[in-house]
Protein chains: 2
Amino acid sequence: MHKKIMYYIYLRNNAMGNSKLYKGSLHTIILKLLEENGKMYGYEITQKVKEITNGELNITEGALYPALHKLEAEELLDVEVAKVDNRLRKYYKLTEKGTKETVTKLKELEEYIRNMHTLVNAKWSI
Amino acid sequence: MHKKIMYYIYLRNNAMGNSKLYKGSLHTIILKLLEENGKMYGYEITQKVKEITNGELNITEGALYPALHKLEAEELLDVEVAKVDNRLRKYYKLTEKGTKETVTKLKELEEYIRNMHTLVNAKWSI
DNA sequence: AATTATACCTAAAAAACTTATGCATAAGAA
DNA sequence: TTCTTATGCATAAGTTTTTTAGGTATAATT
């Protein structure tokens with residue numbers, strides 16, 4: 001006898017018609033969220049971003065997890081595995097190097113946004 | 001007898017340590033510049049961007065020309081070839097479709113920037 | 001005479017995504 | 001009980017958009 005395996009396949013509806021546009025900004029988002037919240041796990045990050053942007057920005061898992069692994073490889077993040085409700089969670093937090101890099105990345109973002117604002121001669125402000 | 005060919009090879013120093021970061025924004029920049037200036041040619045666009053951003057953003061030719069061709073293929077731009085001082089210039093201008101698309105793209109950019117501003121909980125404003 | 005600025009172009013590679021899977025447990029709805 | 005949704009991790013193939021690195025040519029400047 002063996003256990004009966006129940007595994008359901010289901011369709012996902014990631015990222016519908018939500019606003020695209022962003023290149024290196026995913027790393028910046030991750031770093032900044034970790035700076036503010038101390039430690040977070042992947043799924044939590046996707047939900048947080050969705051919540052903050054009222055569902056306008058959806059981080060796909062295919063983008064998020066490789067990004068987290070890369071940041072970890074660059075020693076900007078530390079990982080800590082936890083088991084909650086029999087489910088795995090990988091908590092990430094900034095290293096010292098990561099904290100410095102966050103400052104740099106945020107400056108670059110501001111620079112970029114200022115340049116774009118000037119370039120398109122925007123009437124709006126934030 | 002044949003003419004003596006004089007052709008100099010030289011090194012280029014495109015895009016030094018200048019601010020990276022931007023994905024679909026190149027199309028938006030091009031469209032907006034054309035909206036403001038009526039018609040422009042490729043080289044002029046690169047110089048204009050450099051000028052406006054004080055040299056911080058340098059559009060590479062390898063990105064610009066394919067982008068212009070793509071926008072033309074999508075019928076957002078019209079081309080007009082001119083010869084000035086025995087040198088070729090290709091002037092681009094917005095089509096009607098292109099003018100509409102410019103509005104859309106600018107809205108998307110604003111949306112994106114607002115989202116990023118909220119996400120990183122920025123203290124600065126523009 | 002040599003270099004720099006002006007002007008176009010393309011192809012190979014890299015970067016950063018989306019899309020499409022796969023696996024697994026818990027909670028809630030039918 | 002059964003099915004579905006939510007929670008949680010992951011990778012691989014494909015696409016888009018960029019960088020890097022070439023190529024060709026004329027005019028102006030050093």
Side-chain angles (χ1 to χ4, degrees), chain A residues 3-30 40-48 50 57-72 74 79-92, chain B residues 3-30 40-48 50 57-74 79-92 112:
Chain A
K3 275 200 294 188
K4 189 166 144 197
I5 310 275
M6 271 297 156
Y7 181 63
Y8 299 96
I9 292 162
Y10 57 94
L11 299 175
R12 301 178 200 204
N13 56 330
N14 269 326
M16 303 124 316
N18 65 318
S19 83
K20 312 261 172 174
L21 188 70
Y22 56 99
K23 194 187 94 184
S25 38
L26 177 55
H27 283 206
T28 309
I29 292 171
I30 293 172
M40 298 179 85
Y41 54 100
Y43 186 76
E44 190 183 6
I45 292 174
T46 65
Q47 299 308 303
K48 196 75 178 176
K50 201 183 292 185
L57 230 62
N58 288 322
I59 307 297
T60 57
E61 295 170 307
L64 179 72
Y65 291 114
L68 287 172
H69 300 159
K70 196 177 181 193
L71 291 170
E72 190 196 345
E74 290 168 355
V79 199
E80 186 193 321
V81 179
K83 201 150 193 176
V84 180
D85 285 331
N86 209 33
R87 267 200 243 94
L88 197 74
R89 276 187 195 172
K90 292 177 83 171
Y91 281 98
Y92 290 91
Chain B
K3 274 202 293 188
K4 189 167 146 196
I5 309 275
M6 271 295 154
Y7 181 62
Y8 299 95
I9 292 161
Y10 56 94
L11 300 173
R12 301 179 202 205
N13 57 329
N14 267 327
M16 302 124 317
N18 66 317
S19 84
K20 312 262 171 174
L21 189 71
Y22 58 98
K23 195 187 94 186
S25 37
L26 177 55
H27 282 207
T28 308
I29 293 171
I30 293 172
M40 297 179 84
Y41 55 99
Y43 186 75
E44 190 184 6
I45 292 175
T46 66
Q47 299 308 303
K48 197 76 177 176
K50 201 183 291 183
L57 232 61
N58 288 322
I59 307 297
T60 57
E61 294 172 308
L64 179 71
Y65 291 113
L68 287 171
H69 300 158
K70 196 177 182 194
L71 290 170
E72 190 196 344
E74 290 168 356
V79 199
E80 185 193 320
V81 180
K83 200 151 193 176
V84 180
D85 284 333
N86 209 32
R87 266 200 244 95
L88 198 73
R89 276 187 194 171
K90 291 177 85 172
Y91 281 98
Y92 290 90
Y112 166 70

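Everything numeric here is computed off the predicted structure, so don't read it as measured data. In the text below, chain A, chain B and the rest are named by the order of the sequence lines, each starting its count at 1.
- The distance from atom CG of Asn58(A) to atom C1' of dA6(D) is 15 Å, rounded to the nearest whole Å.
- Looking at residues two or more places apart in sequence or on another chain, you find a side-chain contact (heavy atoms from CB on, under 4.5 Å) between Lys90(A) and Val79(A), Val81(A), Tyr92(A).
- Contacts of Ala63(B) classified as side-chain contact (heavy atoms from CB on, under 4.5 Å), with partners at least two apart in sequence or in another chain: Leu26(B), Thr60(B).
- Distance, Leu64(A) CG to dT11(D) C1': 14 Å, rounded to whole Å.
- For dC9(C), neither phosphate oxygen OP1 nor OP2 lies less than 4.0 angstrom from any side-chain nitrogen or oxygen of Tyr65(B).
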Which pairs, protein N/O on one side and nucleotides 13-17 of chain D N/O on the other, fall under 3.5 Å?
from	atom 1	to	atom 2	distance (Å)
dT17(D)	OP2	Lys70(B)	NZ	2.6
dT17(D)	O3'	Lys23(B)	O	2.8

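- Partners of Tyr41(A) under the side chain to side chain donor-acceptor pair (under 3.5 Å) rule, at least two apart in sequence or in another chain, are Arg89(A).
- In this entry the distance linking OH of Tyr43(A) with C1' of dA10(D) reads 15 Å, nearest Å.
- Between Ile45(B) and Leu68(B), the closest side-chain pair of non-hydrogen atoms falls below 4.5 Å.
- Atom P of nucleotide dA16(C) and atom CD1 of Ile59(A) are separated by 14 Å, given to the nearest angstrom.
- Pro66(A) and Glu61(A) get closest at one heavy-atom pair: CD-O, 3.8 Å.
- Close to dA7(C), at under 4.0 Å from its OP1 or OP2, lies a side-chain N or O of Tyr41(B).
- Glu44(B) is linked by a salt bridge (Lys or Arg N to Asp or Glu O under 4.0 Å) to nothing, counting only residues two or more places apart in sequence or in another chain.
- Distance from the side chain of Ala63(A) is smallest for dT18(C) among the nucleotides dA10(D), dC8(C), dT18(C).
- The distance between atom CD of Glu44(A) and atom P of dA6(D), rounded to the nearest whole Å, is 18 Å.
- Here Met40(B) contributes atom CE and Thr46(B) contributes atom OG1; the two are 9.0 Å apart, rounded to the nearest 0.5 Å.
- In this model, the phosphate group of dT11(D) is approached by a side-chain N or O of His69(A) to a distance below 4.0 Å at OP1 or OP2.
- Across residues 80-90 of chain B, Asp85(B), Asn86(B), Arg87(B) each have a non-hydrogen atom less than 4.0 Å from an atom of DNA chain D (numbered order).
- A distance of 8.5 Å separates NE2 in His69(B) from CG in Leu64(B), rounded to the nearest 0.5 Å.
- Here dA6(D) presents its P atom at 13 Å from CD of Glu61(A), a figure rounded to the nearest Å.
- Between the NZ atom in Lys83(A) and the CG atom in Leu88(A) there is a gap of 7.0 Å [rounded to 0.5 Å].
- Distance Met40(A) CE to dC9(D) C1': 16 Å, rounded to the nearest Å.
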